[in-house]
There are 2 protein chains.
Amino acid sequence: MDQNSLPPIQTTARDDAVLKALVGFVRAEALQPGERLPTERILAERLKVSRNTVREALTRWEGLGLVERRQGSGTYLKAAVSPDMLHMPLTLAGGNDFTSLMQTLEIRRALEAEAAALCAERASPADIAEIERKLDIMEQAFRTRDGMSSEEDWEFHQAIYRVSGNPLFEQIIAAMHELFHRFWEHPLGVRDFGHASFPYHRTMYERIIARDPQGARAEALKLIATVEDDLKRGAAKLKLSSQT
Amino acid sequence: MDQNSLPPIQTTARDDAVLKALVGFVRAEALQPGERLPTERILAERLKVSRNTVREALTRWEGLGLVERRQGSGTYLKAAVSPDMLHMPLTLAGGNDFTSLMQTLEIRRALEAEAAALCAERASPADIAEIERKLDIMEQAFRTRDGMSSEEDWEFHQAIYRVSGNPLFEQIIAAMHELFHRFWEHPLGVRDFGHASFPYHRTMYERIIARDPQGARAEALKLIATVEDDLKRGAAKLKLSSQT
DNA sequence: ATGCAGAATTGGTTGGACCATTGGACCACT
DNA sequence: AGTGGTCCAATGGTCCAACCAATTCTGCAT
């Protein structure tokens, strides 16, 4: 017998139903991130469920970063919601910090190279102008502050992900970026962290405007390689691998 | 004034404390994934908190995929936990049109190639034996059922991600896989979907055992390319691009 | 042994109560 | 006008006790 022809029926799934209703509400009211949604008590009454059930549902959304609860104030939307969104909780098992850092870079290396290649294929003249603008801002910041242009650097990269035409690149790499910087807020003893990557931003840009996907990919790989080198230097310097 | 010199203070965080205690318990008892952890009632009593609080904490862990709750049975550990885990919930807005499907493949192309290369570099003899086992199972299923070996096919790929040594590959690609199959359960009109990719599984395996990262990468790219072709054929056939 | 009914266990839900924090209203004083 | 203080209502956080629903165990009848 084909087991797929008899999917398990859904008797109860109260909190899921609550979240579904909440998605509907957010869309109906066109709520934007930052706005407040109804109080738990009102939701419980309207949906005819217990307040505890509402709370379990909201706890799940809070864990996913979709919502923020402030005691005494209310519950606020933190991100856009849609009926068909997929949740992907990434868990990076501690281990030593160096390993985790390196793992985020392995993902980023793969995606950064692909995004650069796609960008070189698909960029419109307007896209190129935007990328160049971000590149100029970054180089300016790099020179005036001598290094430490991480904010502008990141904006340049984001522009490329956007031009790749695939929003998944930006979302996933952004997650890697945040994961990375949770360890690396103050470049572990490596004073000129990021210095080495600087020239490759412009060379990557040049391969993009030349509509050279393979070249752009190669430059992106070189760029990530310098970051990996910086990381290895920091690890060797601090021997930070001793944890728990 | 430096605003950073006065960070907001942290008062209470009951459920966080519960999770921290639970991490300690899991480590103390050396619980492995699949094992059952104490009853909610017992936890509440031992930790001197309400059962509701325990439930909120467990709900968060469930949302992160760390734990699975089965009514009437218990709560089971689903993954290893450690005190310094990092969580990065990522929610992807899934579209159901041709473009979205293609976008998941672009991500997968980048990651699959990188994972295959890393696998070729790092696979131990035991790893290779495991991959070969999965490959044999898949080829067997393919021949007996003539096509339609998607389950075994997926297991083969997962084995490769695991051997890559970076758990993020499996987590992210699994999300892409789910996003893809949410709308592709029955290969939209393409009867022999996946047929074309079949031979590349073995060629990829051969490059891996040959410790040839670039070769493995190339075979992975060919494999994904056949899937993209299948997708394009399905799209042209059904013109499925009309969807909300 | 086998199978089945019933009890015990366990997560899921409910309703009601109280606590802690927030933010606004109001007021006194400067 | 502005500063600080007090009060109060709204809101999320916690607690309790009970019951519901799914699962698992138990022991009896066959």
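Treat the numbers as computed from the prediction; the structure is a model and nothing was measured. Computation of the quantities below employed the complete heavy-atom set of this structure, encompassing side-chain atoms and omitting hydrogens, waters and symmetry-equivalent molecules.
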Rounded distance (Å) that lies between atom P of D/dA22 and atom CZ of A/Arg14: 11 Å
Value in whole Å for how far the P atom of D/dA17 lies from CG of A/Asn52: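 It is 15 Å, rounded to the nearest whole Å.
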Name the atoms and distances for all side-chain donor-acceptor pairs under 3.5 Å in residues 170-180 of chain A, with sequence neighbours left out.
unit_1, atom_1, unit_2, atom_2, d
A/Glu170, OE1, A/Arg162, NE, 3.4
A/Glu170, OE2, A/Arg162, NH2, 3.3
A/Glu178, OE2, A/Arg182, NH2, 3.4

DNA chain D-proximal residues of residues 56-68 of chain A, any heavy atom under 4.0 Å: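 Per residue number, the list is empty: none.
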Non-neighbouring partners of [X] that pass salt bridge (charged side-chain N to carboxylate O under 4.0 Å, His left out), sequence neighbours left out:
{"X": "B/Asp127", "answer": "none"}
{"X": "B/Glu45", "answer": "none"}
{"X": "B/Glu40", "answer": "B/Arg51, B/Arg55, B/Arg69"}
{"X": "B/Glu112", "answer": "B/Arg108"}

Strand contacts (DNA chain C) in residues 24-33 of chain A, 4.0 angstrom heavy-atom criterion: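 Heavy-atom contacts with DNA chain C come from no residue of residues 24-33 of chain A; none.
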A/Met138 vs A/Trp154 side-chain heavy atoms within contact, under 4.5 Å: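 SC-SC contact between A/Met138 and A/Trp154 ruled out.
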side-chain hydrogen bond (donor to acceptor under 3.5 Å, both in side chains) partners for B/Glu114, two or more places apart: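 In terms of side-chain hydrogen bond (donor to acceptor under 3.5 Å, both in side chains), with neighbours along the sequence ignored, B/Glu114 is linked to A/Arg109, B/Arg217.
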Contacts of type side-chain hydrogen bond (donor to acceptor under 3.5 Å, both in side chains), residue B/Glu106, not counting sequence neighbours: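 Here the qualifying residues are A/Arg122, A/Asn166.
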Side-chain polar contacts of residues 74-89 of chain A - donor-acceptor pairs under 3.5 angstrom, sequence neighbours left out - could you list them?
unit_1, atom_1, unit_2, atom_2, d
A/Tyr76, OH, A/Ser73, OG, 2.5
A/Ser82, OG, A/Asp84, OD1, 3.2

Restricting to nitrogen or oxygen on both sides, can you table the protein-nucleotides 10-12 of chain D pairs closer than 3.5 Å?
unit_1, atom_1, unit_2, atom_2, d
D/dT11, OP1, A/Arg36, NH2, 2.9
D/dT11, O2, A/Gly72, N, 3.1
D/dG12, OP1, A/Thr75, N, 3.3
D/dG12, OP1, A/Thr75, OG1, 3.2
D/dG12, OP2, A/Glu40, N, 3.1
D/dG12, N7, A/Arg41, NH1, 3.0
D/dG12, O6, A/Arg41, NH2, 3.0
D/dG12, N2, A/Gln71, OE1, 2.9

All pairs passing salt bridge (charged side-chain N to carboxylate O under 4.0 Å, His left out) where residues 18-33 of chain A contributes a residue, at least two apart: none
